[in-house]
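First listed ligand is number 1; within each ligand, the first listed atom is number 1. Because the structure is a prediction, the values reported are computed rather than measured.
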Amino acid sequence: MSTLSIENVFSDYQGQVILQDLNLTLQQGEIVALLGPSGCGKTTLLRAIAGLQPITQGSICINGTCLSGDHVFIPSDKRGVGMIFQDYALFPHLTVADNILFGVKGLDKEQRQARLDEMLELVKLTGLGKRYPHELSGGQQQRVSIARALAYEPELLLLDEPFSNIDSQVRNEMMLEIRHILKQRDVSAVFVTHSKDEAFVFADQLALFKQGAIAQHGLAEDLYAKPNDRYVADFLGAGNYLPISVKNSHEVHSPIGVLQSSHVINYPVDYQGEMLLRPQQIELVANEQGKAMIIERRFLGTVCHYWVKVGEHRIEVKSQALQLSIGQKVDLFAPVHPLVIF
Ligand SMILES: Nc1ncnc2c1ncn2[C@@H]1O[C@H](COP(=O)(O)OP(=O)(O)OP(=O)(O)O)[C@@H](O)[C@H]1O
């Protein structure tokens, strides 16, 4: 059974449609990143799952129980959903201990103490229960907000840009730490971000938003290597698009020569389309007779970032061949891989 099931959801603000026929499922213990540009509806979906935003059509269910749907609306505090916000939203006048236990109901004094100790240990804040939020670092405050969200054992955790206020030097470490905590406790989570780098580090699955619906959902590797369209391809990284015509089931003609695909090309012979080549999928070889020329070069340490002119095309390449210089003639090769053709 899937933990979270969102089917054909529509939602609006005063008649302005924001979520449009949105579908998404999340299995037990999985972390999905809702990724997409500003204003595409990520937070609106998170709020709809939490019961803070009504939906006008469709359904949202957790473990088979419908929370929002036809004539059904379970209030936010009865959904078994925990939320972690960008600004931590801790109560400044409460101690760390009181913040963590704020939503915990139905336990006696001893059980509450045991839950608190467990949570403090989990987020590595043992001994700091008596402090107030202002006596903690930003990272520690964020860990209190995680402990608070996990303390009442939610079935699902919702995280809204929780790392954007964290210093970039400690962000990665913290994301991995929190990911580890969620995995340890088999908590399913929906994580909103506009950063693909955060999504790659923190989530198991990506759901890329486009204007209120999911353009593509799946493993990060799959979205990167097999994007459904240019929108998905562009969001996940730089790419070159070259015109091609299909030669046969495994080859295409392109401005850099005939390229081979490791997978069957699902277009007919002579189909004219576009092929995606990531900058690191292209190799450069110096050749005085080459039909391409280096026109820009930037040294990045382990690789060089080149711009290469082939006929009227300007192609971006990231190569470990560091010795090539501007003006040099080269040939371009793309090793056999599953070609992405639109
Ligand atoms: N309370 C509101 N009233 C009216 N419109 C709203 C309200 N909240 C959000 N919107 C609009 O809904 C759209 C989606 O907003 P939402 O906050 O879900 O986007 P987002 O993808 O989370 O963006 P960001 O990455 O900038 O946080 C935007 O056009 C926004 O202006």
Do protein heavy atoms approach atom 23 (O) of ligand 1 to less than 4.0 Å? yes
Mark whether atom 30 (C) of ligand 1 lies under 4.0 angstrom from at least one protein heavy atom. no
Protein heavy atom at shortest distance from [atom]:
| atom | result |
| --- | --- |
| atom 26 (O) of ligand 1 | S38 OG, 2.6 Å |
| atom 27 (O) of ligand 1 | T43 OG1, 3.9 Å |
| atom 1 (N) of ligand 1 | Y13 CE2, 3.7 Å |
| atom 12 (O) of ligand 1 | I18 CD1, 3.2 Å |

May I ask you to check if ligand 1 and [X] share an N or O to N or O distance below 3.5 Å?
| X | value |
| --- | --- |
| G39 | yes |
| G41 | yes |
| Q16 | no |
| Q14 | no |

Looking at ligand 1, would C40 count as a contact under a 4.0 Å heavy-atom criterion? yes
Please could you name the atoms of ligand 1 that T44 approaches to less than 4.0 Å, counting only its heavy atoms? 14 (C), 15 (O), 16 (P), 18 (O)
E316 side chain near P279 side chain, heavy-atom distance below 4.5 Å: yes
Would you check if I256 and D331 make a side-chain contact, meaning some heavy-atom pair closer than 4.5 Å? no
Over 12 non-hydrogen atoms of neighbours within 6.0 angstrom of [atom1] in [X]:
| X | atom1 | answer |
| --- | --- | --- |
| H194 | NE2 | no |
| D186 | CG | yes |
| Q320 | CD | no |

Salt bridge or not between R179 and D204? Use side-chain N to carboxylate O under 4.0 Å. yes
One pair to check against side-chain contact (heavy atoms from CB on, under 4.5 Å): L46 and V190. What are the steps and the verdict? CA-CA 8 Å; L46 213 63; V190 183; 3.7 Å; yes
Of the side chain and backbone of K42, name the one, both, or neither that has a heavy atom under 4.0 Å from an atom of ligand 1. both
Taking the six-membered ring for Trp, are F102 and F91 parallel (under 30°), tilted (30 to 60°) or perpendicular (over 60°)? tilted
Is the F202 to F163 ring centre distance short of 6.0 Å? yes
